[in-house]
Engineer: 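Could you have a look at this structure, given as structure tokens, before my questions?
Order of listing sets the numbers, starting from 1, for every ligand and every atom in it. The figures here come from the full heavy-atom set of this structure, side chains too, leaving out hydrogens, waters and symmetry mates. Just so it is clear, the model here is predicted, and its values are computed rather than measured.
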Amino acid sequence: MSLRFIDTHAHLSDEAFATDAPAAVARAAAAGVFKIIHPDVDSSERAAALALCKEYPKVMYHMIGLYPGSVDKNWEKEMALAEEAIGPETVALGEIGLDYHWSTEFEKEQKLAFRYQMELAAKLGLPVNIHLRDATEDFFKIMDECSHLGVRGNIHAFSGSYETFKRLQKYGDWKVGIGGVLTYKNSKLAVAVKDIPLESILLETDSPYLPPVPHRGERNEPAYIPIVAAKIAEIKGIDIEEVAEATTASATELFSL
Ligand code: NI
């Protein structure tokens, strides 16, 4: 039986793939990665991403959203452009959330934009793909305020503890996206992944970022998903087939693929 994987977060319209995105999709397919979900950042990359996804129906899927790092004083203008781009093919709002790592200058606007997009997701009946960095308490505060909406989703590039995962379960069947970081020496993520149920894990690369060992320092790409799946299997003491089946079923269900 050949393994089938889904990469739930890959930026294939990034300039890192300017010359070979089609080849990266082909290498992914050869590695068993039969579906790839493309996250949105802001209007600067959106047209290219949508065009790329359109070339690969039933293989590449797109999300639409305003990334926290792209939020500033004029976020409402960017938000309007994002909303215009949402169509029947849109599988989620993402990546959206909070990021105070580089700057807290637009903290207030980030919170407004995140909250707005949670409400929009509820209105549209779409799941969300969360980007969260150095803003855990504010994130959970907004999750509390939005809990009545019943929105589902996942935290992408999850790097939190098992306790943070448990806290997330308060809001329903939320998933966590696990990628190359899991393979890094000294990564604490392995401790959390051991305890997080397999059914709550989605695979992702976050290409071109965060490549798994032995590709550190290189460009990441969806074809490396099996490396992450193998690491999860090793940590949990199960077969990679089981990881492939469970993560593919979870991604298919959450994003209605
Ligand atoms: Ni991303």
Side-chain angles (χ1 to χ4, degrees), residues 5-18 21 24-25 28 33 35-53 60-71 75 78-79 82 85-86 90-103 106 110 113-114 117-118 121 126-136 139 153-160 168 174-184 187 189 201-212 215-216 218-225 227-228 247 251 254-255 257:
F5 303 100
I6 297 177
D7 185 346
T8 59
H9 195 112
H11 298 264
L12 285 190
S13 64
D14 187 276
E15 59 186 18
F17 292 99
V25 176
V33 183
K35 289 182 191 292
I36 299 167
I37 304 181
H38 195 297
D40 189 22
V41 178
D42 58 41
S43 60
S44 66
E45 292 179 11
R46 188 168 297 134
L50 291 176
L52 182 67
C53 292
M60 288 206 61
Y61 297 82
H62 75 262
M63 311 190 254
I64 297 287
L66 182 56
Y67 174 70
S70 299
V71 168
W75 72 274
E78 266 296 327
M79 194 61 240
I86 296 169
T90 305
V91 299
L93 296 193
E95 48 186 306
I96 65 172
L98 301 173
D99 189 334
Y100 300 163
H101 185 72
W102 303 108
S103 164
F106 299 110
Q110 281 195 30
F114 175 39
Q117 292 180 94
M118 286 293 284
L126 287 173
V128 293
N129 183 252
I130 302 291
H131 171 104
L132 175 61
R133 198 168 183 196
D134 296 345
T136 305
F139 168 73
N154 79 306
I155 297 188
H156 113 84
F158 182 74
S159 62
L168 191 60
W174 274 64
K175 313 286 186 191
V176 288
I178 301 293
V181 172
L182 185 64
T183 66
Y184 298 173
S187 164
L189 191 55
I201 293 174
L202 301 179
L203 300 176
E204 66 164 76
T205 55
D206 202 13
S207 299
Y209 313 106
L210 305 172
H215 298 286
R216 282 194 89 171
E218 299 168 26
R219 180 187 71 177
N220 197 3
E221 62 171 70
Y224 298 158
I225 278 282
I227 299 174
V228 178
T247 55
L254 180 62
F255 299 109
L257 302 181

Engineer: Any side-chain donor-acceptor pair under 3.5 Å between T205 and D7?
Structural biologist: yes
Engineer: If I consider every N, O or S atom in D206, which one ends up closest to the Ni ion (ligand 1)? I only need its name.
Structural biologist: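 Atom name returned: OD1.
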Engineer: Among the N/O/S atoms of E95, which is closest to the Ni ion (ligand 1)? Give the atom name.
Structural biologist: OE2
Engineer: Check the side chains of E95 and H11 for a donor-acceptor pair under 3.5 angstrom, ignoring hydrogens and angles.
Structural biologist: yes
Engineer: So, does S207 use its side chain to make a donor-acceptor pair with the main chain of A10 at under 3.5 Å?
Structural biologist: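 A pair under 3.5 Å: no.
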Engineer: Could you please compute the angle at the Ni ion (ligand 1) from NE2 of H11 to NE2 of H9, rounded to 10°?
Structural biologist: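 Output for this angle: 100°, rounded to tens.
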Engineer: Give a yes or no on this: more than 12 heavy atoms of other residues, nucleotides or ligands lie within 6.0 Å of atom CD of E15.
Structural biologist: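 No, CD of E15 has 12 or fewer neighbouring heavy atoms, counting only those of other groups under 6.0 Å.
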